[in-house]
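I have placed the structure first, in the form of structure tokens, so that the comments after it can refer back to it.
Here is how names work: the chains are called A, B, and so on, in the same order as the sequence lines, proteins then strands, and each is numbered from 1. In what follows, every heavy atom counts, from backbone to side chain, and hydrogens, waters and symmetry copies are set aside.
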2 protein chains.
Amino acid sequence: MRKDSRLSRMLHVLVHLHQLQKAITSDQLALMLHTNPVVVRRTMALLREQGYVSAVKGHGGGWTLAKPLHSITLLDIHRSLSEGTLFTIGLTDEHNHCPIEKAVNLAIDDVLQEAENLVLQRFGEVTLDKLAVGYSPKPV
Amino acid sequence: MRKDSRLSRMLHVLVHLHQLQKAITSDQLALMLHTNPVVVRRTMALLREQGYVSAVKGHGGGWTLAKPLHSITLLDIHRSLSEGTLFTIGLTDEHNHCPIEKAVNLAIDDVLQEAENLVLQRFGEVTLDKLAVGYSPKPV
DNA sequence: AACTTAAATAACATCATAAGTTACATAAAA
DNA sequence: TTTTATGTAACTTATGATGTTATTTAAGTT
């Protein structure tokens, strides 16, 4: 299956938006991400809907941060992007009442649920300013 | 994305193989799983290669367990089936040296790695006999 | 007002992979 | 020899992110 790289891409974009302090066009972002401006707009639109970025049309327009990085977590962006689940593993649902199928699915789901909770918790602990490396004029 | 339900399906099959104590054909399994005998053979072949089941051709043939359930873990079956990763989330690799991209990917990968380790550990703790519910003639 | 820039959006194609399907070969028992 | 059942190749389908083309809308520039 093709992986969903939108989280990685959008985090990358948000930190750059923060550092440049001016509007960036979808064309510029597309060059940076080695993709297409329409793909950029489509994905950025999900962040705009949640209030993390703003878009301005026309001359001098483009994308800017709408909130400071320290107020945004990985979890915020993850939730803005993904609707489905985190795992490639799925459970069968044969619509019967086989107790074995139920036991199997429960065993798998228990583990995946625990793992998903861990991921969400960890994502919630990371604010985006922690990713803004090499920005200070005098890096440590 | 379509989920990979092979783990769920195969665990279901293995427990039934244990309980029936005789060979089951791919056609019978396909009926049980609401699928196709070729799909069954294709997936069961991965378990056969790892020595968890045996297949016999011809009259009276079919699939049987090659090891007792208590000697097989969810992890064993998971590893027999999956080659790729567990998550739908992927990292970008734009082949540049952008420190932001690296920091972003590291942050995501740290979390996913921790979660994957958790899943593998939990899967390794569950032997398949624990899934064989409702089998005893006198269930508790 | 006309031109240029850039987002917004619709419509469609591509890609990867489990799943589904068809067809045929091979092996074993009746 | 016939039937049963696995083994396997080749192809199609389904799904969802990604990629692409084209058009519309909005805002600044000339």
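Rounded to an integer number of Å, the gap from CD of B:Q28 to C1' of D:dT4 is 12 Å. One interatomic measurement links the two molecules: CG of B:D4 to P of D:dT15, which rounds to 16 Å at whole-angstrom precision. Across the protein-nucleic acid pair, A:K3 atom NZ and D:dG19 atom C1' stand 20 Å apart, rounded to whole Å. With rounding to whole Å, A:M44 atom CE is found 14 Å from D:dT18 atom P. Between B:D27 atom CG and D:dG7 atom P the separation is 13 Å, expressed in whole Å. The CD atom of B:E49 sits 12 Å away from the C1' atom of D:dT8 (whole-angstrom rounding). Atom CG of B:L33 is separated from atom P of C:dA18 by 17 Å (rounded to the nearest Å). A straight line from CG of B:L86 to C1' of C:dA18 spans 16 Å, rounded to a whole angstrom.
Using a 4.5 Å heavy-atom threshold, the side chains of A:H70 and A:K130 count as separate. In this structure, A:V126 and A:T73 have side chains that are not in contact, with every pair of non-hydrogen atoms separated by 4.5 Å or more. Between A:L14 and A:I77, the closest side-chain pair of non-hydrogen atoms falls below 4.5 Å.
The side-chain contact (heavy atoms from CB on, under 4.5 Å) test with A:R9 is passed by exactly one of A:L29, A:T43, A:T35, A:D4: A:T35. Screening B:H18, B:Q19, B:H12 for a side-chain hydrogen bond (donor to acceptor under 3.5 Å, both in side chains) with B:H16, the sole residue that qualifies is B:H12.
What you find for B:T92 and A:S8 is that their closest heavy atoms are OG1-OG, 3.1 Å.
Between B:R41 and D:dT6, a side-chain N or O to OP1/OP2 separation shorter than 4.0 Å is present. Between A:S26 and the phosphate of C:dA6, there is no side-chain N or O to OP1/OP2 separation shorter than 4.0 Å.
Within 4.0 Å of B:S5, counting heavy atoms only, lie sugar-phosphate atoms of the nucleic acid but no base atom.
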Listed pairs, N/O of protein and of nucleotides 20-22 of chain C, under 3.5 Å:
| unit_1 | atom_1 | unit_2 | atom_2 | d |
| --- | --- | --- | --- | --- |
| C:dG20 | OP2 | B:R9 | NH1 | 3.2 |
| C:dG20 | OP2 | B:R9 | NH2 | 3.4 |
| C:dG20 | OP2 | B:T35 | OG1 | 2.5 |
| C:dG20 | N7 | B:R42 | NH1 | 3.2 |
| C:dG20 | O6 | B:R42 | NH2 | 2.8 |
| C:dT21 | O4 | B:R42 | NH2 | 2.9 |

Under 3.5 Å between N/O atoms: give me all the protein pairs with nucleotides 26-30 of chain D, atom names plus distance.
| unit_1 | atom_1 | unit_2 | atom_2 | d |
| --- | --- | --- | --- | --- |
| D:dA26 | O4' | A:K57 | NZ | 3.2 |

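Checked by atom type and distance alone, the side chain of A:S71 never pairs as donor or acceptor with a backbone atom of A:K67 at under 3.5 Å. Distance alone, capped at 3.5 Å, places no donor-acceptor pair between the A:T64 side chain and the A:I24 backbone.
Residues passing the salt bridge (charged side-chain N to carboxylate O under 4.0 Å, His left out) test with A:E116, sequence neighbours excluded: none.
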